[in-house]
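Accompanying notes for the structure given below.
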Amino acid sequence: MATLQNLVSGFSLDLGPLKEPLGFIRLLEWVFTIFAFGTTGGYSGSTHFKVICTQKEKEVTAVFGYPFRLTSNPYQIPNCNNTPGNNTYLQGDFSSSAEFFVCVGVFGFLYCTATLILYLGYQNTYRQSSRGPLIDLVVTAAFAFLWLVSSSAWGKGLTDVKWATNPTNLIQSCHERCEAGEFPSMGRLNASVIFGFLNLILWAGNCWFIYKETPFHKDPNPPATAEEGAAPMP
């Protein structure tokens, strides 16, 4: 209880750090992280093709979405003799790369939120000792690496999802009587990969500004002190 009271009493809102690269880039990271996992985690799409019979055409729709475990999405290819068709499944499980990407985004969002509160409410505490900037530097560098790995993995996973849901590939088993339909809309997923690599750039670039807050960074032109004395008069 006393610790909570100390935290509340020590809080002093100051929006000044947002005008500095350290706080402004962190705010950008917070926004772009939301876009990254939001465009991936909430996705749902469908792919279409037609079964051409002598009397009429029958539309087939296969629905899929996050986490892109496609083998759990059944659809039916109807028979032209009006008998029910057997369940067919989309092929491929790309949940590991998608969930890893979203997980990095969610934890990045939580870390950005925590550090923004620290920057704006406890700036003096953050800069009083070297521990805060050092921990911040290590965690930020770790997230930059995670964004590189997760964005690359999800980019490859998205390419595989596109291939597995391409109507042209789905009609291979009934090519004589099937016709490819509309390709699924994946603009959101393309944007998610772009946001992932933008986060990589932001988090990696922010390491420099956090590094400047650590004791490892020294001012190349330190101000003259009174002990050094003034320049001799001519």
Side-chain angles (χ1 to χ4, degrees), residues 1-43 66-67 97-155 157-158 187-220:
M1 190 65 180
T3 304
L4 180 60
Q5 291 178 348
N6 291 335
L7 288 174
V8 174
S9 61
F11 181 83
S12 177
L13 182 61
D14 179 12
L15 300 181
L18 293 180
K19 301 177 182 178
E20 303 174 4
L22 182 68
F24 180 70
I25 295 178
R26 185 66 80 196
L27 180 63
L28 289 179
E29 291 171 353
W30 186 79
V31 173
F32 279 84
T33 297
I34 294 175
F35 287 152
F37 73 79
T39 50
T40 307
Y43 179 83
Y66 179 82
S97 58
E99 289 176 335
F100 178 43
F101 183 79
V102 170
C103 182
V104 171
V106 171
F107 279 103
F109 164 76
L110 294 176
Y111 183 72
C112 284
T113 303
T115 50
L116 281 174
I117 294 174
L118 182 63
Y119 292 167
L120 303 182
Y122 302 94
Q123 183 64 210
N124 292 333
T125 304
Y126 176 78
R127 288 178 169 168
Q128 270 179 356
S129 67
S130 61
R131 181 179 301 178
L134 283 175
I135 295 175
D136 195 11
L137 176 62
V138 171
V139 176
T140 301
F143 267 108
F145 175 75
L146 289 174
W147 278 117
L148 171 63
V149 175
S150 63
S151 298
S152 301
W154 173 228
L158 178 57
R188 284 183 56 184
L189 298 183
N190 294 330
S192 71
V193 176
I194 295 174
F195 283 127
F197 284 105
L198 285 176
N199 273 296
L200 164 63
I201 296 173
L202 285 173
W203 289 76
N206 201 21
C207 288
W208 166 248
F209 296 102
I210 300 175
Y211 171 75
K212 292 174 67 175
E213 301 293 331
T214 67
F216 299 118
H217 179 267
K218 296 182 179 179
D219 190 350

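We're numbering straight along the sequence, starting at 1. In this text the structure is predicted, and so the values were computed from the model without any measurement.
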Find out whether Ser192 and Phe37 are in side-chain contact, i.e. whether some heavy atom of one side chain is under 4.5 Å from a heavy atom of the other.
-> no
Between Cys112 and Glu29, the two heavy atoms sitting closest are SG-CB, 3.7 Å
Would you check if the distance from the ring center of Phe195 to the ring center of Phe35 is below 6.0 Å?
-> yes
Distance, nearest 0.5 Å, that separates CD1 of Ile25 from CG of Leu22 | 8.0 Å
Distance (rounded to the nearest 0.5 Å) between Ser151 OG and Leu158 CG = 11.5 Å
Would you say the side chain of Leu189 lies within less than 4.5 Å of the side chain of Thr39, judging by non-hydrogen atoms?
-> no
CG of Leu18 to CG of Leu116: how many Å apart, nearest 0.5 Å?
-> 7.0 Å
Could you pull out every donor-acceptor pair under 3.5 Å between side chains of residues 97-105 and any protein atom, sequence neighbours left out?
from	atom 1	to	atom 2	distance (Å)
Ser97	OG	Phe94	O	3.3

Distance-only check: which donor-acceptor pairs under 3.5 Å involve side-chain atoms of residues 134-146, not counting sequence neighbours?
from	atom 1	to	atom 2	distance (Å)
Asp136	OD1	Arg26	NH2	2.9
Asp136	OD1	Tyr111	OH	2.6
Asp136	OD1	Thr140	OG1	3.3
Asp136	OD2	Tyr119	OH	2.4
Asp136	OD2	Tyr126	OH	3.0
Thr140	OG1	Arg26	NH2	3.1
Thr140	OG1	Asp136	O	2.7

Donor-acceptor contact present, side-chain Thr40 to main-chain Ala36, <3.5 Å = yes
Worked verdict on Trp203 versus Thr33 for side-chain contact (heavy atoms from CB on, under 4.5 Å) | CA-CA 10 Å; Trp203 289 76; Thr33 297; 4.0 Å; yes
In Å and rounded to the nearest 0.5 Å, what is the OG1 to CG distance from Thr115 to Leu110?
-> 10.5 Å
So, the side chain of Asn199 versus the backbone of Trp147: is there a donor-acceptor pair under 3.5 Å, distance only?
-> no
CD1-OG1 distance between Ile117 and Thr113, expressed to the nearest 0.5 angstrom | 6.5 Å
Flag yes if more than 12 heavy atoms outside Phe197 fall under 6.0 Å of its CZ atom; otherwise flag no.
-> yes
Is there any salt bridge (charged side-chain N to carboxylate O under 4.0 Å, His left out) pair reaching into residues 104-122, and which pairs are they, with sequence neighbours excluded?
-> none
